[in-house]
2 protein chains.
Amino acid sequence: MASIKDVATAAQVSVATVSRVLNGHPAVSPDTRARVLATVERLGYRPNAVARSLRTRRTRTLGLVISDVLNPFFTQLARSVEDEARALGYSVIIGNADEQPAQQDHHITTLLERRIDGLLVSPADGGSPMIHDAARRGTPMVFVDRWIPGLDVPVVRADGRAAVTGLVAHLYALGHRRLAMISGPATTTTGHERVEAFRTALREHGLPLPAPYLGQGDFQADSGRRVTEGFLRLPEPPDAVFAADNLMALGAMDALHERGLRIPQDMALAAFDDIPWFVHTDPPVTAIAQPTGDLGRAAVRALAERLEGRRPPSVTLPARLVVRRSCGEPAADPAPPGTP
Amino acid sequence: MASIKDVATAAQVSVATVSRVLNGHPAVSPDTRARVLATVERLGYRPNAVARSLRTRRTRTLGLVISDVLNPFFTQLARSVEDEARALGYSVIIGNADEQPAQQDHHITTLLERRIDGLLVSPADGGSPMIHDAARRGTPMVFVDRWIPGLDVPVVRADGRAAVTGLVAHLYALGHRRLAMISGPATTTTGHERVEAFRTALREHGLPLPAPYLGQGDFQADSGRRVTEGFLRLPEPPDAVFAADNLMALGAMDALHERGLRIPQDMALAAFDDIPWFVHTDPPVTAIAQPTGDLGRAAVRALAERLEGRRPPSVTLPARLVVRRSCGEPAADPAPPGTP
DNA sequence: CCGAGGATTGGAAACGATTACATCGTCGGG
DNA sequence: CCCGACGATGTAATCGTTTCCAATCCTCGG
């Protein structure tokens with residue numbers, strides 16, 4: 001493959017001049033520029049980003065480590081991250097941790113070896129030594145959605161507490177009193193936070209959250225199914241289940257359908273994270289929607305600021321309740337009454 | 001950040017020796033090795049993959065250009081590609097074309113500049129000059145799912161024709177006679193091929209495919225909705241619709257639900273591409289399932305072979321019909337009667 | 001006791017760009 | 001008429017590795 005030297009030779013100029021033309025440096029005479037460009041075209045020359053990065057010590061690449069590509073929430077996030085990054089002139093390398101800390105660390109390692117300019121992470125666990133390490137060494141970093149407490153790293157996330165409160169009120173109003181929850185891993189901030197919000201909201205309505213009504217999931221569909229089956233075996237099963245993410249809600253639906261139970265008559269169901277398919281499920285699922293696109297874009301912008309030397313603040317955006325039919329009657333139409 | 005030179009100095013050896021230790025070269029004495037490794041550890045040294053790639057002219061990175069990250073089919077594909085690539089020691093950079101040739105070319109350009117070792121593409125259109133160019137220059141390349149005719153590039157894909165025939169038979173058996181289709185862009189091979197398979201299958205049953213019953217979509221949900229609305233405005237609307245991908249099927253469901261029409265009583269619906277959510281929609285959607293994971297893995301293996309200098313053959317795997325309830329009664333259980 | 005040959009190790013040349021600095025005309029002002 | 005400045009270009013160092021080749025030091029057989 002042709003190198004800058006080949007172009008220089010063919011155009012009868014020095015490599016410095018070719019480089020200047022390619023980088024739009026002003027100090028090049030118009031006809032030299034034209035000659036170089038013509039030669040570039042003729043040889044089909046493509047600059048070698050590897051060499052360029054070695055010299056400039058910048059790759060114009062961002063790393064994004066997410067916990068699960070198959071989760072539509074993260075897919076949408078990745079999508080908006082990529083869009084915004086492209087607009088800012090960056091490429092994105094996505095690493096899928098699959099909710100496994102080991103894989104997450106593998107990705108972080110290779111991303112750092114590749115000398116990405118900055119890192120966007122939604123940590124799969126609370127204490128990855130690799131992330132601590134990266135943060136300590138000053139890798140420009142921003143957390144999205146989930147974060148690790150105690151690190152001086154900006155966090156871009158949605159606050160679902162108000163929406164959870166709204167959801168509990170909604171369930172209460174519909175007559176549900178035995179509310180259960182399928183939680184995410186306690187090691188993730190979102191896993192922990194959503195449970196706390198739920199517990200608090202229940203307390204405000206004078207409802208308990210007995211231990212058997214709090215099932216431990218791992219944000220994957222199977223765990224939702226397993227926990228739901230556990231609920232159903234209880235002497236007094238809950239009459240409403242709140243899943244801490246969309247995949248576990250899916251698992252819960254599986255379990256209920258399998259037993260021939262109807263939603264919401266036999267059991268109400270709600271989920272954290274809204275996804276396009278929730279409109280089409282049977283019944284449509286009431287969910288708490290995060291402003292996913294905004295999260296991704298804000299995270300990239302924050303990271304870009306860090307790369308320019310500034311210290312961007314954390315960003316918290318509101319989530320909102322989207323009422324559909326999986327908790328009971330109302331829902332004349334899918335217009336969201338939740339927080340704005 | 002510490003470089004190999006720093007390690008060499010600190011360990012009192014030459015950079016050559018450090019490099020040998022790092023690459024597992026045998027000609028290093030055990031205690032030198034130990035000393036170097038200790039130093040690496042102490043300094044927290046991370047090899048610079050950029051410099052390494054410049055020297056070795058390999059990046060151990062594969063590029064994957066897909067047409068739409070939000071489409072679960074491609075997400076799953078990306079997932080399996082990444083898994084297999086990781087197993088083979090490669091990283092993957094994903095580029096999302098969003099069904100836009102311009103964005104596709106942008107991604108291919110930057111991937112080539114980054115000197116990825118090989119390229120996996122599911123082209124968004126039929127004639128991208130950029131792809132032709134890359135192929136002509138000998139970039140190791142493999143097409144997945146979609147391909148561009150006339151290029152000497154291996155194709156890894158699923159053949160849906162048998163399954164489409166099965167689907168039409170299924171619809172016919174259920175009494176549907178006015179079958180319509182929402183097709184993908186004619187410029188994509190899959191778009192074209194699925195229509196032809198459908199048309200052929202109809203002919204075998206003595207059914208016509210009148211022009212108004214063939215709606216042009218673009219593989220995105222909105223187009224499915226739009227085309228379906230068109231069908232409904234026809235003097236004699238179809239009684240069954242086959243969408244050429246899952247997103248357009250989603251759009252079709254939207255359109256039908258909005259008008260208060262029931263599936264399958266008012267209109268049967270089937271889709272190409274099976275996705276986890278089709279089990280939970282109202283009603284569950286009959287679909288043609290591609291062996292997505294196998295496709296991704298086979299594609300990576302083919303590309304890896306090309307990188308080792310061999311010339312892997314194209315691979316075609318069968319798709320199969322998964323009968324659910326969106327076309328009519330039967331479906332005692334979701335066991336697929338289609339092709340094996 | 002000597003040279004061959006193996007085991008270790010170091011020196012230095014790439015890889016393909018960017019960029020500080022030097023060079024060389026040319027030209028306008030004093 | 002001379003000088004400093006400016007515009008256009010070239011030279012060469014540099015980024016952090018890998019790897020070819022040579023040098024060194026032993027060990028051992030003859």
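Naming: A, B, ... by sequence-line order, numbering from 1 per chain.
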Please confirm whether the backbone N or O of [Y] pairs with a side-chain atom of [X], one donor and one acceptor, at under 3.5 Å?
{"X": "D117(B)", "Y": "T59(B)", "value": "yes"}
{"X": "R137(A)", "Y": "G44(B)", "value": "yes"}
{"X": "T190(B)", "Y": "R146(B)", "value": "no"}
{"X": "Q104(A)", "Y": "A124(A)", "value": "yes"}

Round to a whole Å and report the spacing from [atom1] of [X] to [atom2] of [N].
{"X": "R114(A)", "N": "dT17(D)", "atom1": "CZ", "atom2": "C1'", "value": "15 Å"}
{"X": "R115(B)", "N": "dA17(C)", "atom1": "CZ", "atom2": "P", "value": "7 Å"}
{"X": "Y45(A)", "N": "dA17(C)", "atom1": "OH", "atom2": "C1'", "value": "7 Å"}
{"X": "M1(B)", "N": "dG16(D)", "atom1": "CE", "atom2": "P", "value": "11 Å"}
{"X": "N23(A)", "N": "dA17(C)", "atom1": "CG", "atom2": "P", "value": "11 Å"}
{"X": "R46(A)", "N": "dA17(C)", "atom1": "CZ", "atom2": "C1'", "value": "17 Å"}
{"X": "I4(B)", "N": "dA12(C)", "atom1": "CD1", "atom2": "P", "value": "17 Å"}
{"X": "H25(B)", "N": "dC21(D)", "atom1": "NE2", "atom2": "P", "value": "14 Å"}

Has [X] got a side-chain N or O lying under 4.0 Å from the OP1 or OP2 atom of [N]?
{"X": "R57(A)", "N": "dG16(D)", "answer": "yes"}
{"X": "S14(A)", "N": "dG10(D)", "answer": "yes"}
{"X": "S19(B)", "N": "dT18(D)", "answer": "yes"}
{"X": "T56(A)", "N": "dT18(C)", "answer": "no"}
{"X": "N48(A)", "N": "dC15(C)", "answer": "no"}
{"X": "T17(B)", "N": "dG10(C)", "answer": "yes"}

Look at the side chain of [X] against the base of [N] and say whether a donor-acceptor pair falls under 3.5 Å; ignore hydrogens and angles.
{"X": "R20(A)", "N": "dG10(D)", "result": "yes"}
{"X": "R52(B)", "N": "dT17(D)", "result": "no"}
{"X": "R55(B)", "N": "dT17(D)", "result": "no"}

By the 4.0 Å heavy-atom rule, please label [X] as base, sugar-phosphate, or nothing.
{"X": "V28(A)", "answer": "sugar-phosphate"}
{"X": "V13(A)", "answer": "sugar-phosphate"}
{"X": "T32(A)", "answer": "sugar-phosphate"}

Starting at the 5' end of DNA chain C, which residue's closest nucleotide do you reach first, Q12(B) or S3(A)? Q12(B)
Testing the basics here: between R60(B) and G89(B), what is the closest heavy-atom pair and its distance to 0.1 Å? NE-O, 3.2 Å
Could you tell me whether R46(A) and D133(B) make a salt bridge, using a distance below 4.0 angstrom between a side-chain N and a carboxylate O? yes
